[in-house]
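Start at 1 with the first residue, then count along the sequence. The analysis underlying the following values was restricted to heavy atoms, covering all of them including side chains, and did not include hydrogens, waters or symmetry mates. Nothing here was measured: the structure is a model prediction, and the numbers come from that model.
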Amino acid sequence: MMNFLPSDLKGHRDMDLLELRGQLDEIDAKIVELYERRMEICGRVADYKIETGKKVFDKEREEEKLKTVRSLTHNAFNAHGVQELFEQIMSMSRKMQYAKLVEAGALGRLPFIGVDELETGKARVVFQGAEGAYSHMAMLRYFGEQVNSFHVDTFREAMTSIEEGGADFAVLPIENSTAGTVSEIYDLLVEFENYIVGEQILKIEHCLLGLPGTEISQIRTVYAHPQSLMQSARYLGAHEDWKQISLKNNAFAARKVSGEGDRTQAAIASEQAAKIYGLDILERGINQSETNSTRFIIVTNQKIFRKDAGKISICLEVPHESGSLYHMLSHFIYNNLSMTKIESRPIEDRNWEYRFFIDFEGNLADSAVKNALRGLRDEARNMKILGNY
């Protein structure tokens with residue numbers, strides 16, 4: 001049986017709720033007034049820091065402030081809530097101060113030079129793999145058929161070539177739409193003083209290649225890069241008797257099949273590789289995803305960016321503390337910057353600590369970007385700009 005409150009009692013409770021909400025409105029108005037007063041004073045603090053060159057972020061001062069406001073509360077729940085509230089208030093204060101630094105031109109110049117165009121006409125370009133590899137195809141798509149190029153066996157060799165001046169640019173795969181990121185490239189971008197200046201997205205179509213005149217029924221062994229084997233798993237699953245062997249690159253696989261002259265061998269590689277190594281295409285499009293694409297980055301050893309660049313890549317480490325990543329990402333929100341990608345990689349020799357790789361929209365000449373990067377540089381550990389492209 002349902003119990004109903006008398007109408008007069010229900011009306012009395014409704015009046016109590018309205019009165020409580022009215023009290024909350026009064027308190028909220030005072031909070032807003034005090035917040036604006038606090039931010040006005042923080043603006044004067046920013047003016048002082050601009051004049052004296054002092055840093056915006058004072059970690060010891062903020063930790064002392066958090067300790068003080070926690071001590072003013074009367075229970076553990078409120079202590080935690082007040083700490084979270086003041087972390088946000090101080091974070092907004094820092095962001096406002098960074099904005100004033102940008103307006104005053106007190107941030108200094110970022111160590112990157114804007115250029116109208118990349119000097120690619122006489123450039124020497126390195127790629128990993130061999131002619132016919134997808135990296136080779138991406139290079140031709142970006143630099144043109146007449147590019148002066150050479151290839152190396154490993155990504156590290158490619159990065160070393162541009163760092164030491166043996167090449168002007170390197171073409172490296174960084175992400176595949178089905179297999180995910182190429183983690184080694186991220187690690188190398190941190191290790192080397194090389195920077196991303198462009199990108200090329202290439203649609204991937206794996207073909208099964210064999211010696212001229214070979215029938216699919218003759219195949220016993222298939223060679224390919226591990227990712228290509230994985231991406232073609234559905235097709236290969238229909239041929240359970242085939243032995244699958246991984247190689248560093250699909251072009252190496254095509255070259256091996258061509259050179260050894262064994263009709264029981266096949267390679268998974270591109271149509272371009274078939275042309276280069278004189279192989280027949282036994283089957284096209286054996287990778288199960290019709291939208292499979294790989295993103296390649298163009299890397300150089302110069303700190304430059306095209307003036308019309310619209311994407312920025314950075315990496316940073318955050319303190320191993322609760323909420324630290326959240327506070328870092330708030331710099332993008334405050335500056336109205338759209339973050340398009342975030343990846344994490346474990347930091348070597350530091351258990352359970354991670355380095356984050358972030359892509360976001362913007363140009364290094366934009367004031368909002370400068371503002372965000374200044375805040376990130378002050379508050380993160382080892383922040384590095386990987387490129388603007």
| task | I would like to know whether E191 and R156 meet salt bridge (charged side-chain N to carboxylate O under 4.0 Å, His left out); could you show each step before the answer? | result | CA-CA 10 Å; E191 179 181 345; R156 176 173 290 277; 2.8 Å; yes

| query | Which is it for V82 and F77 under the side chain to side chain contact (heavy atoms under 4.5 Å, CB included) test, yes or no, and what are the steps along the way? | reply | CA-CA 9 Å; V82 161; F77 182 86; over 6 Å; no

| query | salt bridge (charged side-chain N to carboxylate O under 4.0 Å, His left out) between K248 and D153: does it pass, once the steps are laid out? | reply | CA-CA 8 Å; K248 288 183 179 180; D153 288 346; 5.9 Å; no

| task | Begin from the C-alpha positions of F143 and S149 and carry the test side chain to side chain contact (heavy atoms under 4.5 Å, CB included) through to its verdict. | result | CA-CA 10 Å; F143 290 96; S149 67; over 6 Å; no

| task | Evaluate salt bridge (charged side-chain N to carboxylate O under 4.0 Å, His left out) for R37 paired with E33, printing each intermediate quantity in order. | result | CA-CA 6 Å; R37 183 179 169 191; E33 179 184 349; over 6 Å; no

| message | I'd like to know whether E36 forms a salt bridge (charged side-chain N to carboxylate O under 4.0 Å, His left out) with R38, so could you lay out the CA-CA distance, the side-chain angles of the two residues, the decisive distance to 0.1 Å, and finally the verdict. | response | CA-CA 5 Å; E36 290 191 326; R38 191 183 197 282; over 6 Å; no

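Look at K341 and E343 and you find a salt bridge, because one of the NZ, NE, NH1 or NH2 atoms lies within 4.0 Å of a carboxylate O, short of that distance. A salt bridge links R374 to D378: at least one charged side-chain nitrogen sits closer than 4.0 Å to a carboxylate oxygen. The pair E353-R345 does not meet the salt-bridge criterion, since no charged nitrogen lies less than 4.0 angstrom from a carboxylate oxygen. Ion pair K30/E26 not flagged as a salt bridge, since none of the NZ, NE, NH1 or NH2 atoms sits closer than 4.0 Å to an Asp/Glu carboxylate oxygen. Using a cut-off of 4.0 Å between Lys/Arg side-chain N and Asp/Glu carboxylate O, R124 and D168 are scored as not salt-bridged. A salt bridge links E117 with R306; the closest basic N to acidic carboxylate O contact falls under 4.0 Å. By the 4.0 Å N-to-carboxylate-O rule, R350 lies close enough to E317 to be salt-bridged with it. E271 has a carboxylate O that lies under 4.0 Å from a charged side-chain N of R284, or vice versa, which qualifies the two as a salt bridge.
Taking a 6.0 Å sphere around OH of Y326, one finds it holds 12 or fewer heavy atoms contributed by other residues, nucleotides or ligands. Within 6.0 Å of CD1 on I41 lie more than 12 heavy atoms contributed by other residues, nucleotides or ligands. No more than 12 heavy atoms of other residues, nucleotides or ligands sit less than 6.0 Å from atom NZ of K243. Heavy atoms of other residues, nucleotides or ligands lying less than 6.0 angstrom from CD of E84 number 12 at most. No more than 12 heavy atoms of other residues, nucleotides or ligands shown are found within 6.0 angstrom of CD on Q146. Residue Q23 qualifies as enclosed at atom CD: its count of foreign heavy atoms under 6.0 Å is above 12. Other residues, nucleotides and ligands contribute only 12 or fewer heavy atoms inside 6.0 Å of the CD atom of E119.
Ring geometry for F356 versus Y354: interplanar angle of 30 to 60°, hence tilted.
Under a hydrophobic clustering in which Ile, Leu, Val, Met, Phe, Trp and Tyr are joined whenever their side-chain heavy atoms come within less than 4.5 Å, directly or via other members, L140 and V197 fall into the same cluster. Two different hydrophobic clusters hold Y35 and V69 under the rule that ILVMFWY side chains link at heavy-atom gaps under 4.5 Å. At a threshold of 4.5 Å between side-chain heavy atoms, the hydrophobic network of Ile, Leu, Val, Met, Phe, Trp and Tyr places Y223 and L282 in two separate groups. In the hydrophobic clustering of ILVMFWY residues, with side-chain heavy atoms under 4.5 Å counting as a link, I385 and L316 come out together. Hydrophobic clustering, with ILVMFWY side chains joined whenever heavy atoms are under 4.5 angstrom apart, groups L337 together with L329.
Side chains of K95 and S330: a donor on one and an acceptor on the other come within 3.5 Å. A donor-acceptor contact under 3.5 angstrom links the side chains of N335 and N371, judged on distance only. For D359 and S313, the side-chain atoms include at least one donor-acceptor pair closer than 3.5 Å. Between the side chains of S228 and N250, at least one donor N or O sits under 3.5 Å from an acceptor N or O. Side-chain polar atoms of K67 and S71 form no donor-acceptor pair below 3.5 angstrom. A donor-acceptor contact under 3.5 angstrom links the side chains of E87 and Q83, judged on distance only. For the residue pair E163 and N194, no side-chain donor N or O sits within less than 3.5 Å of a side-chain acceptor on the partner. Using modelled atom types and a 3.5 Å distance limit, the side chains of Y134 and H225 yield no donor-acceptor pair. Neither side chain, Q288 nor Q231, offers a donor N or O lying under 3.5 Å from an acceptor on the other.
The two residues S324 and V318 come nearest to each other via the heavy atoms OG-CG2, 3.6 Å. For the pair H151 and G129, the tightest heavy-atom approach, listed with the atom from each and the gap, is ND1-O, 3.1 Å. Considering all non-hydrogen atoms of both residues, V257 and Q265 come closest at CG1-O, 3.8 Å.
Within the 4.5 Å cutoff, side-chain heavy atoms of M328 are placed close to those of E379. A 4.5 Å side-chain heavy-atom check between I297 and I185 finds at least one atom pair inside the cut-off.
Under the side chain to side chain contact (heavy atoms under 4.5 Å, CB included) criterion, I276 pairs with E131, H136, Q272, not counting sequence neighbours.
Cation-pi geometry between K384 and Y195 is satisfied (NZ or CZ under 6.0 Å from the ring centre, within 45° of the ring normal).
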